[in-house]
Amino acid sequence: MIDLHCHMLPGIDDGAPDRAVAVAMARCAANDGITHTACTPHIYPGLYHNDRDGILKHIAAFREVLVAEGITLNLVVGADTHLTPDLVRDIKAGRIPTLNDTRYLLFEPPHHVAPPRLEDSVFNMLAAGIVPVVTHPERLSWIDSNYEIFERMVDAGALMQITAGSVTGRFGGRPKYWAERMLDEGLVHLLATDAHHVDKRPPLLREARDAAAAIVGDDEAEHLVLTRPRMILENRPPEELPQVESSTIADPVPQPGFWKRLFKAH
Ligand SMILES: [Fe+2]
């Protein structure tokens, strides 16, 4: 499996606080069957001033630690990028790293307010040839009354990344509901750990992959954790990624997603 969202690098954001925790996270990921981890520290103006050069230096240092510890885990560059005024300019200038320096950017919307220009930012990125991977929509407090924003962003070409712990219920009932609903309605492209620690928010993906498989089937579950992440790291164009398959379970009673699937099919 490939994890495209992880705060494993020690001491540069609210993820692993030190080397010991980072090593424990790497071991946990490798034991879970993760072969590649994108190191995606926050880039958040006023809070976390990371940039591509700094993140690359931390990755190079941490690779040596992994070799010394005998842990086999491939690390690639990335960032958990928050909304900034000059996002496209900073990406083009190489200050903000995309996932493995591809066209795909990990993009985290604010947790507690729906920003008025969020969709504009997504459209601007797409127009500039950057494909936003929107992180954990299911955990945002404003999704309840703004679900259609995520549908529109997907229609425009953005990708949606659900956090593994949401599918398994680690974040409680609400994120689990939205994660399952989005999987059911074919709005999810990727599962990732968004791990911040080894105990509290660990880099585990398999459990969530299996839980997702119960909703979307085994093939699509594999696309969520392996096929699409791999093609993203290879910078393949979005139209080549496997199309999202929604629920494979026949509903005796129309459920959320039923009408959407019905109309999509015709
Ligand atoms: Fe994150």
Side-chain angles (χ1 to χ4, degrees), residues 1-17 21-22 25-26 28-29 32 34 36-52 54-55 58-59 62 73 75-84 87 90-91 96-100 102 104-113 115 118 121-122 125 131-143 150 153 158-168 170-172 175 178-179 182 188-205 208 224-225 228-229 232-233:
M1 296 178 290
I2 297 174
D3 184 11
L4 291 184
H5 186 172
C6 188
H7 301 260
M8 183 184 284
L9 293 176
I12 61 170
D13 65 356
D14 59 345
V21 172
M25 288 173 76
C28 172
D32 195 49
I34 294 170
H36 295 70
T37 291
C39 297
T40 57
H42 294 284
I43 293 183
Y44 195 149
L47 200 54
Y48 300 112
H49 297 279
N50 290 306
D51 63 14
R52 181 175 174 277
I55 296 166
H58 278 89
I59 288 175
F62 193 53
L73 182 67
L75 306 179
V76 302
V77 72
D80 192 356
T81 310
H82 295 253
L83 201 54
T84 68
L87 198 48
D90 288 342
I91 294 164
I96 292 179
T98 54
L99 288 165
N100 202 26
T102 63
Y104 296 93
L105 177 86
L106 205 58
F107 177 62
E108 176 158 338
H111 269 256
H112 299 297
V113 275
L118 180 69
S121 303
V122 164
M125 280 188 255
V131 180
V133 175
V134 177
T135 66
H136 47 65
E138 82 286 358
R139 294 188 53 224
L140 305 175
S141 64
W142 47 272
I143 188 174
F150 299 96
M153 289 197 287
L159 305 183
M160 296 289 147
Q161 175 254 301
I162 296 288
T163 293
S166 300
V167 187
T168 56
R170 192 178 284 271
F171 293 102
W178 286 111
M182 291 182 79
V188 184
H189 303 84
L190 299 160
L191 283 180
T193 69
D194 192 12
H196 280 66
H197 205 275
V198 70
D199 315 313
K200 289 164 268 180
R201 292 173 67 181
L204 295 173
L205 205 43
L224 292 168
V225 297
R228 286 191 201 98
I232 285 172
L233 294 184

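Just so you know, ligand 1 is whichever comes first in the structure, and atom 1 is the first atom listed for that ligand. Positions are given from 1 along the sequence.
- Taking the centre of each ring, His82 and His111 stay at or above the 6.0 Å mark.
- There is a side-chain donor-acceptor pair under 3.5 Å between His5 and Gln161.
- When side chains are defined from C-beta on, Leu118 counts as touching Phe107, because their heavy atoms get closer than 4.5 Å.
- The number of protein N, O or S atoms lying under 2.8 Å from the Fe ion (ligand 1) is 4.
- Asp194 and His7 share a side-chain donor-acceptor pair at under 3.5 Å.
- For the residue pair Thr193 / Asp3, a side-chain donor-acceptor distance below 3.5 Å is found, with atom types taken as modelled.
- More than 12 heavy atoms of other residues, nucleotides or ligands lie within 6.0 Å of OH in Tyr48, so this atom counts as buried by the packing criterion.
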